[in-house]
There are 2 protein chains.
Amino acid sequence: MSRRLNLEEIGRRAGVSRSTVSRVVNGEPNVSPQTKKRVESVVAETGFRPHAGARSLASNSTGVLGLVIPSAVATLFDDPYFGRLILGITGATNEIQMTLNLFLFGDQADDRSIIPRVVAPGLLDGVIVTATTMGNPLIEYLRGADMPFVVIGRPDESASVFSVDVDNRGGARTAALHLSGLGRKRPALIAAPSNTTAGIDRRSGFVEGVAAAGLSLDGRIREGDWTENSGRKAAEELLADRPDAVFAASDRMAVGAVRAITEAGLSCPDDVAVVSFDGLLHPDLASPRLTSIAQPVREVGERAVRLLKSVIDGTATIPESVVYPTELVVRESCGSELVEVS
Amino acid sequence: MSRRLNLEEIGRRAGVSRSTVSRVVNGEPNVSPQTKKRVESVVAETGFRPHAGARSLASNSTGVLGLVIPSAVATLFDDPYFGRLILGITGATNEIQMTLNLFLFGDQADDRSIIPRVVAPGLLDGVIVTATTMGNPLIEYLRGADMPFVVIGRPDESASVFSVDVDNRGGARTAALHLSGLGRKRPALIAAPSNTTAGIDRRSGFVEGVAAAGLSLDGRIREGDWTENSGRKAAEELLADRPDAVFAASDRMAVGAVRAITEAGLSCPDDVAVVSFDGLLHPDLASPRLTSIAQPVREVGERAVRLLKSVIDGTATIPESVVYPTELVVRESCGSELVEVS
DNA sequence: TTGAAAGCGCTAACAT
DNA sequence: ATGTTAGCGCTTTCAA
């Protein structure tokens with residue numbers, strides 16, 4: 001007896017055609033108030049919901065956005081970064097009444113099986129690509145499938161795409177100048193992976209800042225993989241060279257660095273000042289609390305969604321790159337309060 | 001000239017009917033090797049992908065699973081828990097060639113707009129509901145829409161549903177016995193929110209364990225909201241009562257508690273031993289490193305996906321509750337090595 | 001303001 | 001092994 005609920009059936013019960021029901025459901029004008037009310041009450045009492053697939057087929061739009069995270073390293077998800085990013089993205093997605101499809105790549109093998117599903121027609125209206133490493137093939141696929149997309153981070157190609165990024169370079173430069181301003185003379189760098197644009201930009205920004213301050217790195221550079229352990233190992237090596245300041249390109253690596261410093265019997269910040277990048281860690285999770293170059297991750301995510309939406313709508317047509325500024329948040333690990341007191 | 005790519009068009013180019021193309025694309029048997037090869041090469045060179053919406057409409061299945069996280073508190077996402085859970089879920093989802101739709105609730109207002117999209121036909125094949133608070137209305141909706149679903153956590157109703165949970169109660173009990181075994185006599189509890197089943201179970205488990213050890217809590221109970229700050233505040237209050245052991249129902253609250261203890265001039269673990277629940281925090285993120293009741297979050301996520309899949313397939317028909325054991329991971333904060341040394 | 005009718009691209013039952 | 005055909009439920013002209 002309970003026939004499948006569809007426009008036709010709702011129309012039958014309300015005494016109108018399926019076209020009219022469709023108009024009501026989609027909030028189109030040109031429906032008389034009485035008719036509208038009648039249809040709406042039938043919809044309400046039956047709990048009718050239009051079939052998403054049918055809608056997608058007929059209208060060529062789905063109301064679903066995709067978020068692609070190629071996290072070669074599972075450990076990436078221990079990073080507060082992605083949680084925060086997803087929060088921003090889903091918030092903005094909810095706001096425009098769409099839903100979010102998450103594509104998490106594990107290993108290389110996944111690529112072959114996931115990419116097709118990302119570019120399949122009728123599933124997504126648009127895609128946000130994040131954590132791009134150099135030479136990511138996905139972008140070419142998306143372009144080929146003329147699927148609207150936005151990149152979070154700096155695209156590695158000069159090719160023009162829509163993107164949202166933070167000023168990694170400027171932030172890292174600020175870190176160098178801040179440390180120098182505190183009187184530190186022997187800075188060291190724990191860089192992020194050089195196959196990521198964020199890693200590259202933070203490195204070059206810091207190097208630039210060090211030079212601008214009239215100092216030199218003298219080879220005091222190590223590269224980590226974003227994790228605590230890699231930061232610790234990098235710091236252990238660097239300590240042999242007696243730095244009095246360390247800039248770690250992520251909060252997590254900074255935590256490892258601090259651990260290495262204190263375990264070496266040195267004091268942070270007295271002997272070695274530390275500044276990190278991200279500013280996402282809860283302050284209590286590190287002692288001393290980390291001075292950090294904070295990036296507005298949540299805003300980046302929200303902005304990416306809004307930008308993507310306008311690409312989908314055709315409002316935005318010429319590629320633009322939005323860059324958010326970072327902010328220096330001074331806490332304890334850089335030893336700054338000593339300076340302020342004096 | 002580039003007409004829309006579809007089964008018909010591929011068939012035309014390969015000299016077969018659209019049915020045959022469909023069979024090839026879906027890997028069905030009963031296709032001659034030559035035909036199959038011919039079709040596959042056309043598919044490959046055209047980059048053809050079947051339309052997801054059309055497929056959903058015709059087959060009544062979408063290949064998409066939904067994950068619902070009612071995170072009233074945005075801060076929830078600072079918790080390593082959800083990242084890890086999503087990792088497990090997407091991993092298993094990829095494995096069975098499906099994709100994951102993420103529904104993050106912000107505030108109450110979102111409910112009205114999100115629930116309909118979760119139960120809309122033609123969008124999802126099934127749903128995983130997590131972080132359920134008491135009296136969650138979503139479950140009733142899902143049941144009404146006869147949408148297959150699995151609950152992560154213990155459902156609050158006795159009503160029979162498919163669910164995957166960890167042994168919160170047993171884990172918390174173990175914490176109590178461990179602390180007592182180390183000679184602690186004045187345990188205290190920093191409980192998780194009592195509108196969550198995890199919060200309730202961890203509390204009752206600890207209370208039970210304390211009693212089993214012949215000790216008493218004497219009102220040394222405070223309730224936090226999972227965050228570092230709440231843990232710290234709870235500990236500050238509890239310290240007035242001179243506990244010699246604290247069980248915090250989450251890693252993050254434990255971090256706050258340790259901070260409160262050391263800032264009060266006391267030593268952890270010498271004066272106050274601490275045991276946490278979760279075991280998700282990187283050890284370096286707390287000093288002393290936290291002894292913890294570790295829960296296998298990733299496995300829970302993977303299992304939930306597999307269970308949901310079998311509900312969708314109709315393989316699983318009578319509701320079952322899977323419960324994973326927890327594991328006591330001893331590090332420094334409980335002062336255990338002192339005992340072992342003696 | 002409303003209805004009729006033609007697809008959207010696919011699957012599945014049936015026929016051959 | 002392959003083709004034919006009839007929908008799936010919706011949107012969208014086009015008429016009325």
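Below, chain A is the first sequence line, B the second, and so on; all start at residue 1. No hydrogens, no waters, no symmetry mates; every other heavy atom, side chains included, goes into these values.
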Exercise for review: Give the intermediate values and the outcome of side chain to side chain contact (heavy atoms under 4.5 Å, CB included) for residues B:V166 and B:E299.
Suggested key: CA-CA 10 Å; B:V166 298; B:E299 285 81 350; over 6 Å; no
Would you please confirm or rule out a distance under 4.0 Å between OP1 or OP2 of [N] and any side-chain N or O of [X]?
X: B:S22; N: C:dC10; value: no
X: A:S17; N: C:dT2; value: no
X: B:N6; N: C:dC8; value: no
X: B:S32; N: D:dA1; value: no
X: B:R4; N: C:dG9; value: yes

**Study point:** Salt-bridge present (A:R12, A:E8; N to O < 4.0 Å)
**Key:** no
Point to revise | Note: A:R143-A:E140 ion pair, threshold 4.0 Å (strictly below) | key: yes
Exercise for review: Specify the residue among B:N26 and A:P33 whose closest nucleotide of DNA chain C lies further upstream toward the 5′ end.
Suggested key: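 It is A:P33 whose nearest nucleotide is closer to the 5' end.
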Check your understanding: Nearest 0.5 Å, what's the OG1-CG distance between B:T90 and B:L67?
Key -> 9.5 Å
Exercise for review: By nearest nucleotide on DNA chain D, pick out whichever of B:A58 and B:T20 is the more 5' one.
Suggested key: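 Counting from the 5' end, the first nearest nucleotide belongs to B:T20.
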Practice item. For A:S56, report the nucleic acid contact type (base, sugar-phosphate, nothing); a contact means any heavy atom under 4.0 Å. Key: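 Counting heavy atoms under 4.0 Å across all strands, no contact is made by A:S56.
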Selection from [options] that lies nearest to any side-chain heavy atom of [X]:
X: B:H51; options: D:dC10, C:dG9, C:dT11; value: C:dG9
X: A:S19; options: D:dA1, C:dG3, D:dT5; value: C:dG3
X: A:S59; options: D:dT12, C:dT1, C:dC10; value: D:dT12
X: A:F48; options: C:dG3, C:dC10, D:dC10; value: D:dC10
X: B:V31; options: D:dT2, C:dC10, D:dT12; value: D:dT2
X: B:V16; options: D:dG3, C:dC10, C:dC8; value: D:dG3

Rounded to whole angstrom units, what separation is found between the [atom1] atom of [X] and the [atom2] atom of [N]?
X: A:R23; N: C:dG3; atom1: CZ; atom2: P; result: 8 Å
X: B:R12; N: D:dG3; atom1: CZ; atom2: P; result: 15 Å
X: A:N60; N: C:dC8; atom1: CG; atom2: P; result: 11 Å
X: B:R49; N: C:dC10; atom1: CZ; atom2: P; result: 11 Å
X: B:L123; N: D:dC8; atom1: CG; atom2: P; result: 21 Å
X: A:R55; N: D:dT12; atom1: CZ; atom2: C1'; result: 14 Å
X: A:I10; N: D:dC10; atom1: CD1; atom2: C1'; result: 13 Å
X: A:R18; N: D:dT12; atom1: CZ; atom2: C1'; result: 11 Å

Practice item. Please step through side chain to side chain contact (heavy atoms under 4.5 Å, CB included) for the pair B:L307 and B:E320, ending with a clear verdict. Key: CA-CA 9 Å; B:L307 186 56; B:E320 62 179 301; 3.5 Å; yes
Review point. Should we count OH of B:Y141 as having more than 12 external heavy atoms under 6.0 Å?
Key: no
